[in-house]
Structure formats: structure tokens, C-alpha cells
**Student:** 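Take a look at this one; I'll ask things after.
Numbered from 1 within each chain, the chains take letters A, B, ... in sequence-line order.
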Number of protein chains: 2
Amino acid sequence: MQDSLKKTFPTFSNELIQEIQEHASIQSFKAGDVMMRTGQYINNTMLVTKGQLKVFREGENGGEFLMYFLQPGQACAVSMICATKSQTSQITAVAVDDVELIIVPLSLMEKWMMEHRSWNEFVIYTYRIRFEELLEVVDNIAFRAMDERLEFYLKRHSDACGCKDVKLSHQEIARDLNTSREVISRLLKKMEQRGLVQLHRNHIELLN
Amino acid sequence: MQDSLKKTFPTFSNELIQEIQEHASIQSFKAGDVMMRTGQYINNTMLVTKGQLKVFREGENGGEFLMYFLQPGQACAVSMICATKSQTSQITAVAVDDVELIIVPLSLMEKWMMEHRSWNEFVIYTYRIRFEELLEVVDNIAFRAMDERLEFYLKRHSDACGCKDVKLSHQEIARDLNTSREVISRLLKKMEQRGLVQLHRNHIELLN
DNA sequence: AGGTCTATGTGACAATTGTTACTGTAAGAG
DNA sequence: CTCTTACAGTAACAATTGTCACATAGACCT
């Protein structure tokens with residue numbers, strides 16, 4: 001574990017890695033698992049060591065909205081925030097692949113802040129990255145229409161998986177963008193006519 | 001200045017306040033001044049000591065979008081982010097009242113992080129508060145229609161000024177919500193018919 | 001009073017998005 | 001192979017929002 005930790009979190013000091021090994025636990029999830037749900041009580045922070053996960057915001061009436069992905073080497077800023085106040089989660093997290101996490105309890109999270117410079121910097125870095133990501137999310141919904149948001153969404157997915165095929169149904173895309181399946185079908189069809197994508201069953205091939 | 005600093009930032013240690021007095025400078029703005037513009041180069045963090053300011057996100061095509069207010073005792077999280085990377089600003093800030101700021105250069109900002117626990121906690125706290133605020137913003141635009149967003153906007157303004165009168169033209173409101181004046185007029189008229197507000201020239205009175 | 005702003009009201013229409021209803025079709029189970 | 005189910009296409013309509021055009025009204029100056 002030490003080696004993989006050092007690889008995934010290269011900025012962590014040796015002492016910090018030592019502490020993590022001694023005190024933190026590991027948790028695994030299968031692809032598709034709901035790892036955290038809105039309203040759930042949280043008192044630890046999660047570091048991603050393997051796999052990829054999606055973080056959603058949920059509306060009162062059951063709507064969902066994809067905010068960002070988390071990759072190995074990253075941490076969930078929302079879990080840090082909630083953990084700090086020992087609050088309930090304001091987001092839902094779903095495993096995209098099989099995921100492995102390091103669980104850091106609140107007490108340690110605060111203790112390390114003063115003891116390990118590399119932890120402190122990691123926390124600040126995490127806030128910063130997520131904050132910037134959220135700014136982009138705000139941009140997208142505030143300034144762009146659904147067609148542009150869809151294009152952006154597809155590009156992000158293709159970047160995340162490193163290939164030109166997005167293996168999602170129209171229904172799943174609609175959920176992530178908080179709209180309806182029909183709207184997505186309509187817009188995808190237009191994109192196909194413009195030669196941007198090739199539509200297949202259960203996956204979309206990006207051209208160009 | 002020492003007393004007012006201590007009052008506005010009660011969590012700061014005496015040593016930190018001492019350092020601020022020695023090294024930081026003060027800057028003033030008049031109501032309506034644009035304090036920071038998208039694209040401007042930033043290498044310091046700003047702490048609000050007096051007055052109130054609005055923070056906007058700007059779209060490519062000239063649109064604006066109000067994200068949050070900053071009050072005395074708070075700091076601009078975006079300026080922290082940009083300062084950390086010595087980047088250009090991704091937001092626009094406008095003074096609502098006459099505003100007074102403490103300017104903390106990047107070098108000190110980083111130095112204090114390790115030297116002053118109260119500064120470190122303040123930075124974390126600032127990220128946390130702004131992050132939560134941004135989550136609310138995302139909620140509003142992702143899950144709510146313009147009429148609800150308008151109601152929320154008016155309530156926020158009335159809270160901010162502590163009175164039941166919002167002294168804004170329809171045009172200004174439209175800019176803040178990134179829509180058109182006509183839409184705001186229309187929705188306000190409906191609110192008036194529902195007995196929620198009383199419309200006057202250049203200000204809106206909240207009832208109930 | 002008359003003139004000149006700016007703010008507001010409003011109707012008509014376009015564009016986008018949401019909703020309903022129904023069709024066809026591919027994939028997988030038995 | 002056939003049945004079932006999930007996925008995708010599409011037409012028609014509703015609702016919301018954006019845009020254009022123009023009317024009205026108050027504020028302010030001279």
C-alpha cells in the first residue's frame with residue numbers, strides 16, 4: 001500500500017503516509033454503487049486511490065445535476081466541508097468504475113492540518129481545484145444553452161475515459177444534465193446531422 | 001486600526017494582527033466602483049473591513065451573473081485562488097457601498113499559512129463558506145425557474161441591507177440574473193398581483 | 001410649461017425546453 | 001425462436017424565456 005499511496009499522492013510526506021497507513025481505513029465500491037447520498041451524515045474525508053466517481057447535486061424535487069468527476073489522487077472537497085462541520089452531505093457520489101477510497105476521520109483531518117505541511121497544502125489545493133471546477137459549472141448553466149452544455153458534457157466524458165466513445169444512454173445523459181431524455185435525443189440528432197457524432201445504441205461516437 | 005481589525009476579524013491572533021498592520025496596505029473604493037475586473041492580473045488577497053461588494057462571473061458574450069456578496073470580516077476566495085497561482089481574475093467585483101479593503105500580498109499570504117494558525121483557519125473557513133455559497137448558486141440556476149430565482153434574489157438583497165426596500169431598477173436586476181429587463185418587469189408584475197411586492201420607481205417594496 | 005432623460009408596462013412573436021404519447025427496434029432471457 | 005424490456009426516434013403541444021416594438025410615466029433641468 002505504501003508504494004501505491006506514494007504514487008497516487010506524490011506530494012505527501014513520508015511521515016504523513018506513515019500516519020495514513022496507521023490510522024486510516026480503506027473502503028471499496030463497485031461500479032454503479034451510490035457511495036454517498038444527500039442527507040447522509042458525514043464525519044470523514046475521502047481520498048480516491050482507484051477508479052473514478054461522479055459527484056451530483058440533488059434538487060428538492062428529485063432532480064440531479066452532475067458537478068464533477070473525481071480521479072485517483074483527488075479528494076472530495078464537499079466531504080471536507082461537511083466533515084469540518086460534522087454535517088450531513090449536500091451531494092451524492094456514484095462510482096463510475098470500481099473505486100477504492102481512503103477514509104480519514106474528522107479528528108485526524110484537523111490534527112494533520114497543523115502537523116503536516118503536505119496535508120495542509122493538499123487540503124487547500126483540493127478546495128482550489130473544486131472551486132474552479134464549480135465556477136466552470138456555473139458558467140455552463142448560467143451562460144450556455146442545452147446544446148452547448150451537451151457538447152461540453154460529451155467532451156468531458158471522452159476526456160475522462162480517454163477514448164472517443166461515450167458509453168451512456170440518452171436517459172443517463174438527461175439525468176446528469178437535469179433535463180429529459182427527449183431533449184437529449186433531439187439535440188444528439190442535430191449533432192449527428194452536423195457531423196459531430198455518430199449515434200449507436202448505448203453509446204455515442206465522437207467524430208472529428 | 002488595531003481595534004477595528006480586532007472587531008472585524010475576531011479570530012485573528014494578536015501576532016497576526018500585528019503583522020497585518022506592519023505589512024498590509026489599505027485600499028478604498030466608492031460605491032459603484034469596479035474593484036476588480038475579469039482578466040485583471042492578481043497577486044494579492046483582499047479582506048473586507050468596511051462596506052459591501054458584489055462578486056460576478058462574466059460570460060464570453062458580455063453577460064454577467066451575480067454569485068455572492070462579501071461583507072466586512074470576509075475575504076474573496078477567488079482572489080485567494082488566483083493569488084495562489086498568480087493568475088488573472090476570473091470574476092468581477094463591484095462596490096455596493098463605500099468599501100475599505102486590506103491588501104495582503106501573495107508572498108505573505110503563503111508565509112502566514114504556516115506561521116499563524118488563525119490565518120490558516122481563516123483561509124480554510126473562507127474557502128468553505130464560498131464553496132457552500134457556490135453550491136447554492138448552482139442549485140438556483142440548475143433547479144429553479146426565473147420566477148423563483150427572482151424571489152430568492154430579492155430576499156437576499158433585503159437581508160443584505162436589513163430593510164424591506166430593494167433599491168434597484170429592473171435593468172440592474174436583469175443584469176445580475178443574466179436575463180432581460182422585460183422578463184424581470186413581467187415577473188415582478190406577477191409578484192405584485194400575488195401580493196408579494198409593491199412596485200415603485202427605482203425601488204421594490206417587499207410585503208408580507 | 002416644455003423638453004429630455006430614464007424607468008417601466010405591455011403586446012406580439014420567436015426560440016428553446018419540457019411533456020405527452022406513441023412507434024419501432026435492438027438485446028437479452030427463457 | 002419468441003417474449004420482454006430498455007433504448008431511441010419523433011410529432012404535437014405547452015410553458016418558459018428572449019426579443020422587438022412601442023407606449024406611458026415620472027424625474028429633472030431650464
Side-chain angles (χ1 to χ4, degrees), chain A residues 31-32 59-66 138-154 157 165-207, chain B residues 32 59-66 138-154 157 165-206:
Chain A
E60 296 129 6
N61 40 8
E64 285 188 344
F65 188 85
L66 175 64
V138 169
D139 273 7
N140 277 323
I141 40 185
F143 299 122
R144 297 196 218 291
M146 197 54 85
D147 53 350
E148 274 190 278
R149 285 171 54 197
L150 177 58
E151 288 186 38
F152 185 83
Y153 173 90
L154 293 176
H157 263 269
D165 277 281
V166 178
K167 287 174 183 46
L168 292 169
S169 70
H170 297 186
Q171 185 58 256
E172 291 175 286
I173 298 174
R175 252 199 295 276
D176 287 359
L177 294 174
N178 190 43
T179 179
S180 70
R181 199 261 316 160
E182 291 87 335
V183 171
I184 296 299
S185 292
R186 194 154 56 197
L187 294 175
L188 280 175
K189 212 63 195 168
K190 275 189 204 158
M191 285 180 69
E192 191 176 40
Q193 282 158 11
R194 285 196 290 150
L196 298 176
V197 295
Q198 177 89 42
L199 301 181
H200 308 275
R201 189 184 179 80
N202 267 318
H203 78 279
I204 296 158
E205 184 186 346
L206 304 195
L207 306 175
Chain B
E60 297 129 7
N61 40 7
E64 285 188 344
F65 188 84
L66 175 64
V138 169
D139 272 8
N140 277 323
I141 41 184
F143 298 122
R144 297 194 218 292
M146 196 55 85
D147 53 350
E148 275 191 277
R149 285 171 54 197
L150 177 57
E151 287 186 38
F152 185 84
Y153 174 89
L154 292 176
H157 264 269
D165 277 280
V166 178
K167 287 172 183 46
L168 292 170
S169 71
H170 299 186
Q171 185 59 257
E172 291 175 286
I173 297 174
R175 253 199 296 273
D176 286 359
L177 295 174
N178 191 42
T179 179
S180 70
R181 200 261 315 160
E182 292 90 329
V183 171
I184 296 299
S185 291
R186 196 154 57 196
L187 294 175
L188 280 174
K189 212 63 197 168
K190 276 189 202 158
M191 287 180 68
E192 190 175 42
Q193 280 158 13
R194 286 195 290 150
L196 297 175
V197 295
Q198 177 90 44
L199 301 181
H200 307 275
R201 189 187 176 80
N202 265 317
H203 78 279
I204 297 159
E205 184 186 346
L206 304 194

**Student:** Whole angstroms only, please: what is the CG-P distance between B/Asp147 and D/dT16?
**Tutor:** 8 Å

**Student:** Relative to the 5' end of DNA chain C, which residue comes earlier, A/Lys190 or B/Lys189, by the nucleotide with the nearest heavy atom?
**Tutor:** B/Lys189

**Student:** Would you call A/Glu205 and A/Lys167 a salt bridge, using N to O less than 4.0 angstrom?
**Tutor:** no

**Student:** Decide yes or no, distance alone: a donor-acceptor N/O pair under 3.5 angstrom between the base of D/dA6 and the side-chain of A/Arg201.
**Tutor:** yes

**Student:** Return yes if the base of C/dG9 and the side-chain atoms of B/Arg181 contain a donor-acceptor N/O pair under 3.5 Å, otherwise no.
**Tutor:** yes

**Student:** Is there side-chain contact between A/Phe65 and A/Ile141, with heavy atoms separated by less than 4.5 Å?
**Tutor:** yes

**Student:** Could you tell me how far apart B/Arg186 (CZ) and C/dT8 (C1') are, to the nearest whole angstrom?
**Tutor:** 14 Å

**Student:** What is the distance, to the nearest angstrom, from the CD1 atom on A/Ile184 to the P atom on C/dT19?
**Tutor:** 13 Å

**Student:** In whole angstroms, how far is the P atom of D/dT16 from the CZ atom of B/Arg144?
**Tutor:** 16 Å

**Student:** Verify the contact: side-chain N or O of A/His170 to OP1 or OP2 of D/dG9, cut-off strictly under 4.0 Å; return yes or no.
**Tutor:** yes

**Student:** Between B/His203 (NE2) and D/dG26 (P), how many Å, whole number?
**Tutor:** 14 Å

**Student:** Looking for any heavy atom pair under 4.0 Å, which part of the strands does A/Ser169 touch: base, sugar-phosphate only, or nothing?
**Tutor:** sugar-phosphate

**Student:** Measure CE/B/Met146 against P/C/dA15 and give the value in whole Å, please.
**Tutor:** 19 Å

**Student:** Looking only at side-chain atoms of A/Glu182, point me to the closest of C/dA21, C/dT17, D/dC20.
**Tutor:** C/dA21

**Student:** CD of B/Gln193 versus P of C/dT10: gap in Å, rounded?
**Tutor:** 8 Å

**Student:** Expressed in angstrom and rounded to an integer, what is the separation of A/Ile173 atom CD1 from C/dT17 atom P?
**Tutor:** 15 Å

**Student:** Any side-chain N or O of A/Thr179 less than 4.0 Å from the OP1 or OP2 oxygen of C/dG18?
**Tutor:** yes

**Student:** Quick one: closest heavy-atom pair of A/Asp165 and A/His203, and the distance?
**Tutor:** OD1-CD2, 2.8 Å

**Student:** Do the side chains of A/Arg181 and A/Glu172 get close enough for a salt bridge, i.e. N-O under 4.0 angstrom?
**Tutor:** no

**Student:** Show the nearest heavy-atom pair for residues B/Leu150 and B/Met191, with the distance to one decimal.
**Tutor:** CD2-SD, 4.0 Å

